[in-house]
There are 2 protein chains.
Amino acid sequence: MTDSENLLKSKKLRKTALRLRVLDLFLGKPHSAVQTSRLEEELGEVDRITLYRTLKTFEKEGIIHKVMDGTQLTKYALCHDTCTTHSVEEDHAHFLCESCSETICVGNFDMQSITLPPSYRVTKVQLALSGICPNCS
Amino acid sequence: MTDSENLLKSKKLRKTALRLRVLDLFLGKPHSAVQTSRLEEELGEVDRITLYRTLKTFEKEGIIHKVMDGTQLTKYALCHDTCTTHSVEEDHAHFLCESCSETICVGNFDMQSITLPPSYRVTKVQLALSGICPNCS
DNA sequence: GTTTAAATGCAATAGTGTTGCAAATATAAC
DNA sequence: GTTATATTTGCAACACTATTGCATTTAAAC
């Protein structure tokens with residue numbers, strides 16, 4: 001049984017052709033955030049609605065999470081360790097390369113370093129870095 | 001001459017009815033990020049295309065900047081001090097209240113606290129905080 | 001194999017944002 | 001105040017992203 005099949009089974013999701021293909025794609029680039037339109041391209045002729053529903057299902061099950069990289073584009077990335085239980089990912093940072101537009105997860109950081117008035121109750125911190133990635137410099 | 005009129009003059013932009021109304025709105029809530037659809041509501045019957053073009057013009061002139069608060073919505077806020085020269089705003093943080101959905105600028109922070117592999121050249125840092133704001137708690 | 005609940009695919013729809021172009025208008029020159 | 005002109009506006013049309021309802025298909029359990 002492949003990783004994708006195992007993952008679906010562990011989430012009690014039915015094994016369908018598209019779900020397996022989408023999962024394979026994410027598992028193939030575990031630290032990259034993939035844009036929805038890019039997924040459509042890579043998958044070829046798929047029903048767009050089904051793809052969107054697949055992504056929503058995966059998000060709800062904590063398989064993938066939306067990535068905030070400072071663009072307004074919808075990008076998803078595979079969840080790791082800390083975010084497998086919920087789709088919410090806390091204190092997580094992403095880096096967007098301004099040259100190649102690739103977005104990658106760069107792991108967690110210490111949110112203690114941010115000071116806010118105590119009247120604000122902060123429950124989630126997302127950091128969007130951008131610049132030039134190692135490949136492009 | 002009002003603040004809005006002065007601002008337009010200083011940017012060598014023509015004084016039009018819509019521009020003045022939009023500017024007044026932003027100047028009225030100098031630390032809030034306003035969603036485009038919300039602007040449409042508050043302005044009443046305005047031509048949507050003209051509004052979008054107005055926002056783009058203001059953004060290009062460094063009057064307002066796009067705010068990244070972790071939602072995929074387009075929100076703009078007035079530029080202050082550090083971001084008046086460009087539409088790019090650096091090392092800036094915003095706070096989104098999960099209860100009332102208001103987004104406010106919470107000022108700058110120290111980006112030194114983020115550690116990344118040195119092969120990444122970071123030129124821009126955006127921080128999206130979310131939780132409960134003082135009004136809602 | 002049969003059953004059934006879940007997933008898919010299609011049609012229709014909504015929201016956001018853009019471009020081209022003719023008409024209107026703000027500013028500057030007279 | 002009038003006129004000239006470059007800017008701005010408003011409309012039509014379009015593109016992209018995303019969602020909902022519903023009939024059909026299919027995966028998994030029996």
Side-chain angles (χ1 to χ4, degrees), chain A residues 1-2 4-25 33-61 63-76 87 101 103, chain B residues 1-2 4-25 33-61 63-76 87 101 103:
Chain A
M1 214 157 57
T2 67
S4 299
E5 288 175 318
N6 272 321
L7 193 46
L8 286 180
K9 192 160 224 172
S10 75
K11 298 294 184 181
K12 294 188 176 30
L13 293 175
R14 291 193 178 179
K15 182 173 69 176
T16 71
L18 184 65
R19 285 180 177 172
L20 287 172
R21 293 180 64 201
V22 172
L23 264 190
D24 281 347
L25 263 170
V34 192
Q35 199 177 335
T36 313
S37 61
R38 183 93 167 269
L39 274 176
E40 283 186 65
E41 284 170 25
E42 299 202 14
L43 290 167
E45 302 235 323
V46 293
D47 184 61
R48 193 214 286 289
I49 294 120
T50 306
L51 175 59
Y52 283 132
R53 279 195 278 229
T54 298
L55 293 172
K56 281 225 153 176
T57 303
F58 285 179
E59 190 186 13
K60 200 163 58 188
E61 292 295 332
I63 296 171
I64 58 176
H65 61 268
K66 275 193 184 155
V67 166
M68 192 217 48
D69 68 352
T71 67
Q72 260 123 337
L73 306 169
T74 301
K75 297 184 183 181
Y76 287 97
S87 66
S101 297
T103 298
Chain B
M1 211 160 52
T2 67
S4 299
E5 288 176 318
N6 272 322
L7 194 45
L8 285 180
K9 193 159 222 172
S10 74
K11 299 294 184 179
K12 294 183 175 37
L13 293 175
R14 291 193 177 179
K15 182 171 69 176
T16 71
L18 183 65
R19 284 179 178 172
L20 287 172
R21 294 180 64 203
V22 172
L23 263 189
D24 281 347
L25 263 170
V34 191
Q35 200 176 332
T36 314
S37 60
R38 182 93 167 271
L39 276 175
E40 283 185 65
E41 283 169 27
E42 300 202 12
L43 290 168
E45 302 236 323
V46 294
D47 183 63
R48 190 215 289 290
I49 292 119
T50 307
L51 175 58
Y52 282 131
R53 278 194 278 228
T54 298
L55 293 172
K56 280 223 153 180
T57 303
F58 285 179
E59 189 187 13
K60 200 162 59 188
E61 292 296 332
I63 297 171
I64 58 176
H65 61 267
K66 274 194 184 151
V67 166
M68 192 216 51
D69 68 353
T71 68
Q72 261 122 336
L73 306 168
T74 300
K75 298 184 181 180
Y76 287 97
S87 63
S101 297
T103 298

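Letters go in sequence order (proteins before strands), and every chain restarts at 1.
Note that the OH atom of B/Tyr76 and the NE2 atom of B/His65 stand 11.0 Å from one another [nearest 0.5 Å].
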Dump the intermediate steps for side chain to side chain contact (heavy atoms under 4.5 Å, CB included) on B/Thr57 and B/Ile63, then the final yes or no.
-> CA-CA 9 Å; B/Thr57 303; B/Ile63 297 171; over 6 Å; no
Determine, step by step, whether A/Arg19 and A/Thr16 satisfy the side chain to side chain contact (heavy atoms under 4.5 Å, CB included) criterion, reporting the C-alpha distance in whole Å, the side-chain angles of both residues, the deciding distance to 0.1 Å, and the verdict.
-> CA-CA 5 Å; A/Arg19 285 180 177 172; A/Thr16 71; 3.3 Å; yes
For A/Thr74 and A/Gln35, what are the C-alpha separation, side-chain angles and deciding distance, and is it a side chain to side chain contact (heavy atoms under 4.5 Å, CB included)?
-> CA-CA 6 Å; A/Thr74 301; A/Gln35 199 177 335; over 6 Å; no
Derivation of the side chain to side chain contact (heavy atoms under 4.5 Å, CB included) call for B/Asp69 and B/Lys75 = CA-CA 8 Å; B/Asp69 68 353; B/Lys75 298 184 181 180; 2.8 Å; yes
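Against DNA chain D, the stretch residues 38-46 of chain A makes no heavy-atom approach under 4.0 Å.
Here A/Ser37 lies in heavy-atom contact (under 4.0 Å) with sugar-phosphate atoms only.
The side-chain heavy atoms of B/Thr2 and B/Leu23, taken from C-beta on, include no pair separated by under 4.5 Å. Contact of the A/Leu20 side chain with the A/Lys15 side chain is registered, since non-hydrogen atoms from C-beta on lie closer than 4.5 Å. Within the 4.5 Å cutoff, the side chain of B/Val22 has heavy atoms near those of the B/Leu55 side chain.
Taking a cutoff of 4.0 Å between a charged side-chain nitrogen and a carboxylate oxygen, B/Lys9 and B/Glu5 do not qualify as a salt bridge.
Here D/dT7 presents its C1' atom at 16 Å from CG of B/Asp47, a figure rounded to the nearest Å. Following rounding to the nearest Å, B/Glu61 (CD) and D/dT7 (C1') show an atom-to-atom distance of 13 Å. Distance, A/Lys75 NZ to D/dT17 C1': 15 Å, rounded to whole Å. Rounding to whole angstrom units, CZ of residue A/Arg19 and C1' of C/dT8 are separated by 10 Å. Computed from coordinates, the B/Gln35 CD to C/dG17 C1' distance equals 14 Å when rounded to whole Å. In this structure, A/Leu51 places its CG atom 10 Å from P of D/dA18, rounding to the nearest Å.
Comparing B/Gln72 and B/Lys12, the nucleotide of DNA chain D nearest to each residue sits closer to the 5' end for B/Lys12.
Note on A/Thr74: every side-chain N or O is 4.0 Å or more away from OP1 and OP2 of D/dT17.
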Going 5' to 3' along nucleotides 19-30 of chain D, which nucleotides have protein heavy atoms under 4.0 Å from the base (write B), which only from the sugar-phosphate (write S), and which from neither (write -)?
-> BBB-----BS--
